[in-house]
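Below: one structure, written as structure tokens.
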Amino acid sequence: MQKSDFYFDLPQELIAQTPLEQRDSSRLMCLDKNTGAVEHRHFHDLVELLQPGDVLVLNDSRVLPSRLLGHKEGTGGAMEFLLLEQKGTDLWEILVRPGKKAKPGARFVFGDGLLTGEIVEVLEDGNRLARFEYEGGTFFDVLEKIGQMPLPPYITAKLENKERYQTVYSREMGSAAAPTAGLHFTPELLEELKNKGVEIRYVTLHVGLGTFRPVKVDDITQHHMHSEHYFVPEETARAVTAAKKEGRRVIAVGTTSCRTLESAFKDGRLDPCSGYTDIFIYPGYQFKCLDGLITNFHLPESTLIMLVSALAGYEHTMAAYETAIKERYRFFSFGDAMFIHD
């Protein structure tokens with residue numbers, strides 16, 4: 001298939017700039033992956049839509065407030081760091097802007113002196129290695145105080161509350177972007193689902209900035225996916241394996257949970273494990289584990305809409321997106337949700 005097969009014309013005003021006041025009040029489009037039938041509901045209706053015995057798998061990764069705004073020591077010139085990956089104790093690979101100021105040995109100050117960083121090396125791709133210094137606590141403690149959320153480039157509005165770009169169940173620090181399908185859940189909704197008999201289980205996949213990387217090749221089979229680290233705990237492995245053996249549904253919350261399950265599920269079972277996945281799911285892929293998916297509405301020509309098309313069918317997916325635009329659904333990270341089911 002070609003990249004252009006996944007293009008749709010999205011009015012700019014449908015790109016959600018801010019989260020709704022009540023997380024689970026967002027709209028929910030239910031899409032039958034077998035027939036393409038669409039039903040319009042609200043996210044809290046999952047209590048009715050999910051069944052006792054369903055296993056709901058969520059990604060508990062927490063977003064690093066990894067955007068640091070500061071200045072160059074000595075000159076006062078403005079500088080922005082974006083943390084990409086930890087490479088050692090207080091050593092990080094970073095993106096910098098403007099790059100010409102960030103030469104080896106250059107030092108920068110953030111948060112009125114709470115944090116300083118020195119450029120150690122310029123890497124081949126233009127990224128830098130920086131070593132950070134601070135007093136008291138841990139690097140992550142300082143980051144929580146002074147770091148800003150690395151919001152996607154299509155969100156231009158200021159985020160008043162940093163926690164609204166975190167899921168209510170986030171706990172494992174490490175993502176460069178939120179697993180946004182989970183932003184709709186509240187503690188109360190999760191409790192209602194548990195009381196109904198839905199099994200809530202967690203995996204961890206740390207979302208990389210590659211999630212925003214566009215598909216640049218026309219032939220999508222030639223696209224190289226970015227790699228992301230995942231972890232499957234024992235209780236999740238047991239629950240998913242039992243559900244598949246007993247014919248109960250396994251439903252992923254978000255494409256990150258989906259990619260974790262499909263990467264780790266082998267020979268009819270899920271074992272506790274960790275590793276890196278660069279799995280690219282597009283139409284023609286045969287799902288081994290997943291029966292359903294809760295996800296947001298994604299960018300045109302993105303790997304994420306390709307994944308959705310693999311599960312729901314290309315024609316059903318594109319028709320559903322056309323309906324979502326017509327019905328004025330809110331798109332992308334802070335937007336509405338879709339439940340793909342059988």
(message) Between Q2 and D218, is there a side-chain donor-acceptor contact under 3.5 Å, judged purely by atom types and distance?
(response) no

(request) Give the minimum heavy-atom separation between T295 and A181, together with the two atoms involved. (result) CA-CB, 3.8 Å

(message) Which heavy atom of T167 sits nearest to which heavy atom of N59, and what is that distance?
(response) OG1-O, 4.5 Å

(request) Anything under 30° is parallel, anything over 60° is perpendicular, the rest tilted; go ahead and classify Y165 against F334. (result) perpendicular

(message) Once you measure the plane-to-plane angle for Y202 and Y169, does it fall in the parallel (<30°), tilted (30-60°) or perpendicular (>60°) bin?
(response) tilted

(message) Show, in sequence, the C-alpha distance, side-chain angles and deciding distance for D141 and Y134, and conclude whether the side-chain hydrogen bond (donor to acceptor under 3.5 Å, both in side chains) test is met.
(response) CA-CA 10 Å; D141 293 334; Y134 49 90; over 6 Å; no

(message) For E39, I'd like to know if atom CD has over 12 heavy atoms of other residues, nucleotides or ligands within 6.0 Å.
(response) yes

(message) Can you classify the ring geometry of F6 versus Y314 as parallel (below 30°), tilted (30 to 60°) or perpendicular (above 60°)?
(response) perpendicular

(request) Evaluate the criterion side-chain hydrogen bond (donor to acceptor under 3.5 Å, both in side chains) for residue pair S263 and T277; output intermediate values, then yes/no. (result) CA-CA 7 Å; S263 297; T277 178; 2.6 Å; yes

(message) For a quick test of reading the model, state the closest non-hydrogen atom pair linking V253 to S257 and the distance between them.
(response) O-OG, 3.0 Å

(message) Does the plane of the ring in W92 sit parallel, tilted or perpendicular to the ring in F140? Use 30° and 60° as the thresholds.
(response) perpendicular

(message) Do S175 and S61 pair up side chain to side chain, a donor and an acceptor below 3.5 Å, judged on atom types alone?
(response) yes

(message) Can you see whether Q17 engages T156 through a side-chain donor-acceptor pair at a distance of less than 3.5 angstrom?
(response) yes

(message) Classify the ring geometry of H229 against H206: parallel below 30°, tilted from 30° to 60°, perpendicular beyond 60°.
(response) parallel

(message) Tell me if the aromatic rings of H223 and F280 count as close, with their centers under 6.0 Å from one another.
(response) yes

(message) In this structure, is the centre-to-centre distance between the rings of Y329 and H40 below 6.0 Å?
(response) yes

(message) Around atom CG of D342, are there more than 12 heavy atoms from other residues, nucleotides or ligands closer than 6.0 Å?
(response) yes

(request) Could you tell me if the ring centre of F132 sits under 6.0 Å from that of F139? (result) yes

(request) Compute the ring centroids of F110 and F81, then answer whether they are less than 6.0 Å apart. (result) yes

(request) Determine whether the aromatic ring centres of F287 and Y285 lie less than 6.0 Å apart. (result) yes

(request) Assess the side chains of D336 and H184: does a donor N or O sit below 3.5 Å from an acceptor N or O? (result) no

(request) Examine the side chains of R62 and S170 and answer whether a donor and an acceptor come within less than 3.5 Å of each other. (result) yes

